[in-house]
Asker: 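Sharing a structure, written as structure tokens. Questions coming.
Just so you know, these numbers use all the heavy atoms, side chains as well, and skip hydrogens, waters and symmetry mates. Each residue takes its place number in the sequence, starting with 1. All values derive from a computational prediction rather than experimental measurement.
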Amino acid sequence: MEKKNLFIYTFGCQMNVHDSEKIAALMENSGYASVDDVGKADLIIINTCSIRERAAQKVYSQLGRLKKFKKRNPKLIIGVGGCLAQQWGSKFIERVPYLDLVFGTHNIHNLPDLITTIENTGLTAVRTDFQEAVKSLGILAPTENGKVTSYITIMQGCNNFCSYCVVPHLRGKEESRSLSDIVKEVAVLAGRGIKEVTLLGQNVNSYGKTIGNGHDFADLLYEIGSIGGIERIRFTTSHPKDLSDRLVRCFSEVDKLCEHIHLPVQTGSDRVLEMMNRCYTRADYFDRVHKLRAICPDISITSDIIVGFPGETDRDFQATIDMMGKIRFDNLFSFKYSERDGTAAAKLGDKVSECVKSDRLKIVQALQEKHTLERNEAMVGNMEEILVEEISKNSKEDVTGRTRTNKIVNFRGSHELISKTVSVLITDAYQHSLRGRLLNVN
Ligand code: 5AD
Ligand code: SF4
């Protein structure tokens, strides 16, 4: 039977990127093949994110652009999944009448049945119920030929309820997969030639707390660290309050664990941290950073910062700037606070004006650009271990890989190097990448 065509738009974080891979894998088994041209699609899925305002706006404008395809081909099925779908449910179809399907964050595995029903009846379908054991966590996406890195979901949901964040409301309570399932899956990935795995979850370092089988995140790292074929382990995202000393020690004891941690701080002000319900102080955060750098001096530390949280004063903001100066993050994702319905922070008064938020964001971004370049420049002259991932997007004569500290490096090289671990001398540093010269293939 001829395959039908599937096109997926993905918005948001790595979790969503990986969910889209799972959607493609499921639909592949139901007679759909992914295509690059949306104009040829029989099924279009928009995997949405609603963590911040702009993310939602982007989805609506994308849907607006799809209307013409539906007019041209009434049999085309358009579905939305992810956080925005979870939040809006059937209201999404009232707002966008040419939508056929809305599926929530716990319903990915229901997708083949939902699509079949729509195909057979021509009716719309909405499914956004939270389910106990999240079946979608265990869907193993196929590995593209030649791919060397892979995501693997180890847990989903979040129990933290940071006051600004919709995630716990839309992705449900925290649920961890069993250690043996994860280890089996990583071994399958290693058998397919995957060299680097990134363990994914909203708060990976609280892994295990909800399954209560006596294993924590550090145990998982030790286990994965002993799987043959896997050379590198990364994880994201972690919460400073759950960064135990034992986990910090993993950076020196688990050889395969790469020297990079994404550790969102959100603000440098104790007053704002408390209002955000982050459960750590500025001093706690500094303490974690010192411990990480003491055990692993070259570790790269990246973070997230929100500016303009309700009640954030100039003094609070200066505390954030001061902290950035003292820590000097390798990279930073910074955002203007955006009010989300249903969160505790939405009820707070003393909102910060858009204009002040924009000014503060500009200051943070300009300072971070300086720090990023400074950190990158400090690597010139180093010999770095690079896992080669692909031919460079900018030049066919170059290959691209990453350092263990997660910096992108381009250097002269050809196809045969892909999937090899090589030593590269860093010769130049830029804002978003490094350039180097191949020394030897390890
Ligand atoms: N407004 C602005 N930024 C937010 N984030 C999460 N919720 C909000 C919000 N309501 C940011 C945090 C988080 C990152 C994934 O998104 O910095 O770490
Ligand atoms: Fe949101 Fe906080 Fe959970 Fe991260 S830890 S997903 S910011 S509630």
Asker: Could you walk me through whether His18 and Glu21 satisfy the side chain to side chain donor-acceptor pair (under 3.5 Å) test, starting with their C-alpha distance in whole Å, then the side-chain angles of each, then the deciding distance to 0.1 Å, before giving a yes or no?
Answerer: CA-CA 5 Å; His18 190 39; Glu21 291 173 350; 2.9 Å; yes
Asker: Under 3.5 Å, side chain of Arg278 to main-chain N/O of Thr267, donor-acceptor pair present?
Answerer: no
Asker: Please collect all side chain to side chain donor-acceptor pair (under 3.5 Å) contacts where either partner lies in residues 433-442, sequence neighbours excluded, each pair once.
Answerer: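 For residues 433-442: Asp398-Arg435, Ser423-Asn442, Asn440-Asn442.
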Asker: Give, for atom CZ of Arg288 and atom CG of Leu263, the distance between the pair rounded to the nearest 0.5 Å.
Answerer: 8.5 Å
Asker: Side chain to side chain contact (heavy atoms under 4.5 Å, CB included), that's the test. Do Asn160 and Lys241 meet it? Break it down for me.
Answerer: CA-CA 10 Å; Asn160 286 326; Lys241 80 175 164 54; 3.0 Å; yes
Asker: So for atom CG, which belongs to Asp37, do other residues, nucleotides or ligands contribute more than 12 heavy atoms lying within a distance under 6.0 Å?
Answerer: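 Above 12, so yes.
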Asker: Taking Asp316 for its side chain and Thr313 for its backbone only, find out whether a donor-acceptor pair lies under 3.5 Å.
Answerer: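 Between the backbone of Thr313 and the side chain of Asp316 there is a qualifying donor-acceptor contact (under 3.5 Å).
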Asker: Check salt bridge (charged side-chain N to carboxylate O under 4.0 Å, His left out) between Glu196 and all other residues, then give those that pass, not counting sequence neighbours.
Answerer: Arg232, Arg234, Arg402
Asker: Determine whether Phe92 and Tyr60 satisfy the following criterion, ring-ring contact (aromatic ring centres under 6.0 Å, His included), listing intermediate values before the conclusion.
Answerer: CA-CA 10 Å; Phe92 221 128; Tyr60 284 115; 5.6 Å; yes
Asker: Out of Phe317, Phe309, Tyr164, which residue meets the ring-ring contact (aromatic ring centres under 6.0 Å, His included) rule with Tyr337?
Answerer: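 For Tyr337, the ring-ring contact (aromatic ring centres under 6.0 Å, His included) check succeeds only for Phe309.
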Asker: I'd like to know if Lys407 and Glu384 make a salt bridge, using a cut-off of under 4.0 Å between side-chain N and carboxylate O.
Answerer: no
Asker: Can you check whether Phe235 reaches Asn205 side chain to side chain, under 4.5 Å on heavy atoms?
Answerer: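 Contact flag for Phe235/Asn205 side chains = no.
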Asker: Using the test ring pair (Phe, Tyr, Trp, His ring centres under 6.0 Å), find all partners of Tyr32 that sit at least two apart in sequence or belong to another chain.
Answerer: none
Asker: Report the relative orientation of the aromatic rings in His290 and Phe286; use parallel for angles under 30°, tilted for 30 to 60°, perpendicular for over 60°.
Answerer: parallel
